[in-house]
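Note sheet for the following structure.
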Amino acid sequence: MVKPVVPKRIVKKRTKKFTRHQCELFKQIGTSWRKPRGIDSPVRRRYKGQKAMPNKGYGSDRSTKFINPSGFKHFPVNNVQDLYMLLMQNRKYA
């Protein structure tokens with residue numbers, strides 16, 4: 001079994017999903033994130049005790065970005081040349 005070359009341990013800054021404001025109060029509102037745009041919205045105004053909004057501070061470390069839990073990066077193979085490239089990079093891509 002080939003072991004991946006991963007310089008660091010993968011650390012996620014946030015594991016919970018960002019959910020839409022008031023999605024738990026109303027059944028017809030989906031849970032996928034939408035930016036609140038109301039003039040009085042406490043989430044948009046970032047009041048204490050409200051939901052967090054996604055921003056660039058939650059991003060992954062650049063060296064461990066796009067890495068699967070197995071330690072390899074995903075690589076779609078479209079032709080034979082891609083397979084030859086995978087043979088040379090067999091500890092980085094899966």
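As the structure is a prediction and not an experimental result, all values here were calculated from the model.
- Shown here for G71 and P4, the closest heavy-atom pair between the two residues is O-CB, 3.4 Å.
- Between K27 and I29, the closest side-chain pair of non-hydrogen atoms is not below 4.5 Å.
- Geometrically, R20 does not engage F18 in a cation-pi contact defined by less than 6.0 Å to the ring centre and at most 45° from the axis.
- Residues passing the side chain to side chain donor-acceptor pair (under 3.5 Å) test with T19, sequence neighbours excluded: K51.
- The 12-atom threshold is not exceeded at NZ of K17, counting heavy atoms of other residues, nucleotides or ligands nearer than 6.0 Å.
- Rounding to the nearest 0.5 Å places OH of Y58 at 10.0 Å from CE of M53.
- Residue K12 comes nearest to S60 through the heavy atom pair NZ-OG, 4.4 Å, listed as atom of the first residue, atom of the second, then distance.
- If you check the side chains of D61 and S63, you find a donor sitting under 3.5 Å from an acceptor.
- Closest heavy-atom contact between C23 and G30: CB-O, 3.4 Å.
- By the 4.5 Å heavy-atom criterion applied to side chains, R34 and H21 are not counted as neighbours.
- The side chain to side chain donor-acceptor pair (under 3.5 Å) check on R45 picks up Y47, with sequence neighbours excluded.
- No donor-acceptor distance shorter than 3.5 angstrom exists from the side chain of R44 to the backbone of K35, with no hydrogens or angles considered.
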List the atom pairs, donor and acceptor, that lie under 3.5 Å between side-chain atoms in residues 73-87 and the rest of the protein, sequence neighbours left out.
{"from": "N79", "atom 1": "OD1", "to": "Q81", "atom 2": "N", "distance (Å)": "3.3"}
{"from": "N79", "atom 1": "OD1", "to": "D82", "atom 2": "N", "distance (Å)": "3.0"}
{"from": "D82", "atom 1": "OD2", "to": "N78", "atom 2": "N", "distance (Å)": "3.0"}

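- K92 places no side-chain N or O within donor-acceptor distance of the main-chain N or O of F72, the cut-off being under 3.5 Å.
- With a 6.0 Å radius and a threshold of 12 heavy atoms from other residues, nucleotides or ligands, R14 has its CZ atom above the threshold.
- Side-chain contact between P42 and Q50 is present, with at least one heavy-atom pair separated by less than 4.5 Å.
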